[in-house]
Amino acid sequence: MSATPNDEVAILVVDDEPKNLLAVEAVLDAPGCEIVAARSGREALRHLLNRDFAVIVLDVQMPDLDGFQTAAMVRERDRSRHVPIIFLTAISKAAEHVRQGYSLGAVDYVFKPFDAEILRSKVNVFVELYRNREHVRRQAEQLRILEERRRSADLLDSVRRQNELILNAVGEGIFGFDADGRVAFVNPAACRLSGFRREELLGQPGHALLHHTRADGGHCGGADCDLYDVMRGRAARPIEREVLWRRDGSSIPIEGLGTLISDGSDIASVLVFRDVAERLQIERERGRLVRELEEAIVARDDFLSIASHELRTPLTPIRLTVQRLRRKGVGPAAPMPKALATQLETMERQVGRLDTLINELLDVSRITVGRMDLEVSEFDLCALVREVVARFQQELDWGGHDVTVDLGAPTMGAWDRLRLDQVVSNLLSNAMKYGGERKKIEIAVADTGPTVSVSIRDHGLGISPEDQERIFDRFERLISVRHFGGFGLGLWIVRQIAEAHGGRVRVDSAPGVGSTFTVEIPRAAQVGADAKRDSAAPRVARAPTQPQR
Amino acid sequence: MSAPILLIEDDRDICEIVVEVLADEGFETIAVSNGAEGLKQLRAEGAARPFVIVLDLMLPVMDAWQFRSVQAGDAAIADIPVVIFSANPKIAQHADALGAAALLRKPPNLDELIEIVGRFKPI
């Protein structure tokens, strides 16, 4: 769209007579004007394709394509539609030509032989017009450009302000470094964390100012230093367990990320970091609490271990003495008064109860630290059930309980005998406690091949569905009216033992109908890797805890 | 005279009743209160060799671990079986580690005591 270069104004002169051309050129030649000569209408049209002209001086009488035909074609083209045309025509044809010329959009006429001054002044009008129009157009263009610049400057400003707000608002400290490792950018958080003012940081060598000394107190020259690599724009690095030195000579532990900037801006790398002192302090505090807790657990377990030892030791002579007296008393040689025999029996039972309670206390610490070591051996589960029932026989008789034992063929498997004894004892003991008025208890062992189960059923008050969910929890017991004593650990221990064997315990119960507790375990205890197996251990005889009757 | 039982136990009341209970079964029991005395008894001139040693774990002067290590190093008494007799909650592990022939948890039942000791009675 631009006009002739260097503000030159072009004038197209079209005439088939070279001497006429020369004459017109000579008249119009002036500084800042380029005269383009064309020998025919066609040549003129070719020039008009390529550039803009201030005015066309067009001879009417030309062979081939005359001036009017040429003008008609000039007017047809968008680019040249408005270019003023001055016709050169012979004075004799003036009247005819002028009419025809105006209809083709001619703006003026010069009659041949032309007067140099008239031609020059007529052409100059258009040249000046063109110049003025170009000038206005250029000014408009310049204004537009200026306006655009102003707009983009505004936009840039607002983006910059936005970025600044963001960088000011973030809690992380942000440093930008130039290619020489000098601080080129700093946000308020970085000032706050480092203790320096912005002016004290900008232009300063970052590493020498902020990381002259390593966390361990040694001088840092930059070798093997992630912060140095980042600040000098050598490499992007995650920053972990580093320190940043503050203005007051103290240091803060930091974590962050160093990235390189390669967009050619004056910032070569950026370090985003945060002060992790508080977090490290919290971690240390948490570690301390965990250690204290672990120590407290160890202390508790030690205490329980010592307490159980100290409580069982005096039970030893008491139990042996009572049992010896009872044994002597039943002999025909020295029959014992019935009252005394009953009292000895009570004493023996209470010693057994103390022994069980002490075991339960120990189980709390054994099980809560997640180690129930099973001592696995091969035995018949039915024989074990018979043994436990026999041991409870006196109590069952005394309480008026009617026990039905449904055992099939010997059910061999590999389990912890003492622990399963505990399971059957606890469940039988519960059935006696909670069996209610209908004192019927049924015990059955079922062998389904890969698993075996023991179930103990009572016909007591039963357990409501909501209670069923919690009875296997530690220290839980049923409603207070059934205050039967104990630690409330029985069913919890049953569950722990069942699970330690790779099995489970469940209860089927309905209020008023009774409860059935079923322990189902795999035929061979699926013990954890840390549980030891008897077969691999040195010979240790398994003593049954209670005599067989 | 038949071979006796050696009981190494520092609790006097326990010693007394165990000796009585075993006497009822026809066993002679020599009771001493620590490992060192046990060794002295085992090595005494003319003393009868016990067929089993019932050994408490925690003892004054010389405890079960020291006693077992000396016993193992003395060919004359190394093969006498030992029954660990303790209220220690980890009695099974300790009995394993000490290479005991059996263990007896405190408080034992009378029948258990007699049965376990009886296992080692020479025919």
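So that the names make sense, note that chain A is the first sequence line, chain B the second, and so on, each numbered from 1. Computed from heavy atoms alone, side chains included, the values below leave out hydrogens, waters and symmetry copies.
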TODO: For residues Ile84(B) and His94(B), determine if any side-chain heavy atom of one lies less than 4.5 Å from a side-chain heavy atom of the other.
DONE: no

Open item on the list: Taking the side chain as everything from C-beta on, heavy atoms only, tell me whether Asp380(A) gets closer than 4.5 Å to Arg386(A).
Closed with: yes

- [ ] Taking the six-membered ring of Phe85(B) (Phe, Tyr or Trp), confirm whether the NZ or CZ of Lys106(B) is under 6.0 Å from its centre and within 45° of its axis.
- [x] yes

[X] portion near chain A, given a 4.5 angstrom heavy-atom threshold:
| X | value |
| --- | --- |
| Ile114(B) | side chain |
| Asp13(B) | both |
| Asp24(B) | side chain |
| Glu20(B) | both |

Task: Interchain contact, Leu362(A) with chain B, by part (heavy-atom threshold 4.5 Å) - done: side chain

- [ ] Using modelled atom types only, decide if a donor and an acceptor are shared between the side chain of Asn88(B) and the backbone of Lys90(B) within a distance under 3.5 Å.
- [x] yes

Task: Which atom of Ser425(A) lies closest to which atom of Val388(A), heavy atoms considered - done: OG-CG1, 3.6 Å

